[in-house]
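To start, the structure itself, in structure tokens.
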Protein chains: 2
Amino acid sequence: MTDDLPHPLRSDALDNRQRVLAAARGLFAAEGVTVPMREIARHAGVGPATLYRRFPTKQALIAAAFAEEVRMCHAIVDEGLAEPDPWRGFRLVIEKICVLHARNRGFTEAFASAFPGAREFTSARERALAAVAELAERAKRAGHLRPDFVLDDLVLVLMANRGIRATTAAGQVAASRRFAALVLQALQAAPHHAPLPPAARLAPGAPGEPAGRGAVTGDARPRPWPSPRH
Amino acid sequence: MTDDLPHPLRSDALDNRQRVLAAARGLFAAEGVTVPMREIARHAGVGPATLYRRFPTKQALIAAAFAEEVRMCHAIVDEGLAEPDPWRGFRLVIEKICVLHARNRGFTEAFASAFPGAREFTSARERALAAVAELAERAKRAGHLRPDFVLDDLVLVLMANRGIRATTAAGQVAASRRFAALVLQALQAAPHHAPLPPAARLAPGAPGEPAGRGAVTGDARPRPWPSPRH
DNA sequence: ACGCTAACGGACGGCACCGTCCACTTAGCT
DNA sequence: AGCTAAGTGGACGGTGCCGTCCGTTAGCGT
């Protein structure tokens with residue numbers, strides 16, 4: 001979070017930087033990453049130029065704002081892997097990740113859509129996926145996870161989870177929790193499953209953002225990718 | 001679809017109207033309702049004024065464009081209610097509605113978020129919900145649906161379904177189908193359920209659109225509601 | 001105490017979209 | 001064939017956001 005910078009910042013600069021980060025965290029969590037840069041600046045009590053100097057691109061700001069969440073994500077998968085019972089570990093990871101996403105709308109969006117420059121998120125996601133793959137393998141062998149589970153199902157679940165929206169923050173978490181419980185119920189091995197329809201090629205990190213337009217940059221069409229000009 | 005209008009349109013006007021509708025259908029389905037009005041006009045080979053004359057507000061265009069889907073929705077719930085086996089009817093409705101939404105991104109958005117002026121959608125949704133409530137009651141009594149299912153769970157599932165995104169149209173349908181199968185697996189009555197976490201107050205038709213900004217009008221913040229000026 | 005310079009915020013030009021107005025075109029009736 | 005009103009598309013003004021420039025402010029080292 002407070003990674004040391006090339007040259008130490010002046011005290012006011014550092015203060016502003018932290019205010020910007022706090023504002024960004026709050027707004028991203030509540031409204032998603034589509035919140036205008038201006039508003040973050042306004043909310044932090046600084047001018048736009050200040051914000052752009054500290055974080056030359058919105059991606060940089062997003063990455064910095066969600067460093068905490070990325071760490072949580074890593075902690076969760078580590079915790080799951082450490083669990084001796086693989087099915088318990090699997091359940092733990094699914095539920096905790098769902099709740100983590102439910103708590104932070106912006107993080108969900110950033111985590112779901114990977115684009116150049118947000119290595120943090122793609123790597124976090126890859127790591128989470130790898131961990132779940134490992135857990136799934138073990139849980140299948142232990143006979144607790146249904147054998148036709150594929151890793152894409154996790155992506156499916158995470159994408160589905162991001163579609164859930166409640167009126168209040170607490171409600172959001174509660175909804176995700178219930179959803180995760182349902183999913184786990186479905187994924188648990190049972191004596192007789194109805195066979196699942198085949199898995200599909202999903203859009204794990206494609207530019208397919210929640211709503212198409214105005215994903216991060218507030219831009220129009222899903223352009224190739226608008227790398228920051230300079 | 002081709003509802004008779006107050007005064008019969010001139011032939012060219014009617015032709016244009018239908019071209020606009022076709023373009024809107026295609027673009028809404030593929031890209032969602034956030035597609036700019038201009039682009040629909042361009043795609044239909046008409047000017048913006050023509051489009052705005054036929055459909056003074058974007059809501060009107062959306063409502064007209066999705067009349068077909070609304071009818072399908074009604075047909076689905078009727079079919080489900082007509083089914084003698086309530087669990088079979090329940091499954092049928094869940095799966096078909098998921099697939100219907102998967103086929104049409106714009107409809108999903110319009111259906112999910114109810115706002116003044118889109119009576120068609122809210123009424124369609126209310127009707128679908130009522131039908132599923134009825135089916136659920138019957139299926140519970142028959143012992144096939146888990147007794148702790150609540151109607152909000154359907155909303156939960158539909159919201160979750162809308163979060164799913166695949167790279168291709170076919171993939172989208174396949175993903176939704178698999179998702180629906182998983183959900184139905186979870187909802188099926190079983191000898192021993194883990195108890196579900198409590199249901200939460202969701203945002204059934206709140207302005208909580210898919211991505212917050214630029215939902216329909218391409219507008220900025222979730223304003224109260226930007227009723228079309230005139 | 002003082003100056004140097006990093007840091008600040010207001011202002012600017014650009015872009016995309018929206019919804020409306022207006023001078024021309026053209027379908028349909030006599 | 002000619003008239004007339006419905007219809008059309010291009011142009012316009014407005015809004016919101018973006019990212020950058022520049023004159024001013026105020027930390028910090030001496």
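These numbers were taken from a predicted model, which means no experiment stands behind them. Both backbone and side-chain heavy atoms feed into the values below; hydrogens, waters and symmetry mates do not. Convention: sequence-line order gives letters A, B, ...; per-chain numbering from 1.
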- Query: To the nearest Å, how far apart are B:Y52 OH and D:dC12 C1'?
  - Reply: 14 Å
- When the distance from CZ of B:R42 to C1' of C:dA16 is rounded to whole Å, what number comes out? 10 Å
- Just say parallel, tilted or perpendicular for the rings of B:F121 and B:F66, cut-offs at 30° and 60°. perpendicular
- Message: Is a donor from one side chain sitting under 3.5 angstrom from an acceptor on the other, for B:N16 and B:T50?
- Response: no
- Partner residues of A:R127 under the salt bridge (Lys or Arg N to Asp or Glu O under 4.0 Å) criterion, sequence neighbours left out: A:D78
- Carboxylate-amine/guanidinium proximity below 4.0 Å for A:E68 and A:R25: no
- Query: With sequence neighbours left out, what residues match A:R54 under side chain to side chain donor-acceptor pair (under 3.5 Å)?
  - Reply: none
- Task: Could you run through nucleotides 7-13 of chain C and give me one letter per nucleotide, 5' to 3': B if any protein heavy atom sits under 4.0 Å from the base, S if only the sugar-phosphate is that close, - if neither?
- Result: BBBBBB-
- C:dT26 C1' sits how many Å from B:D15 CG, rounded? 14 Å
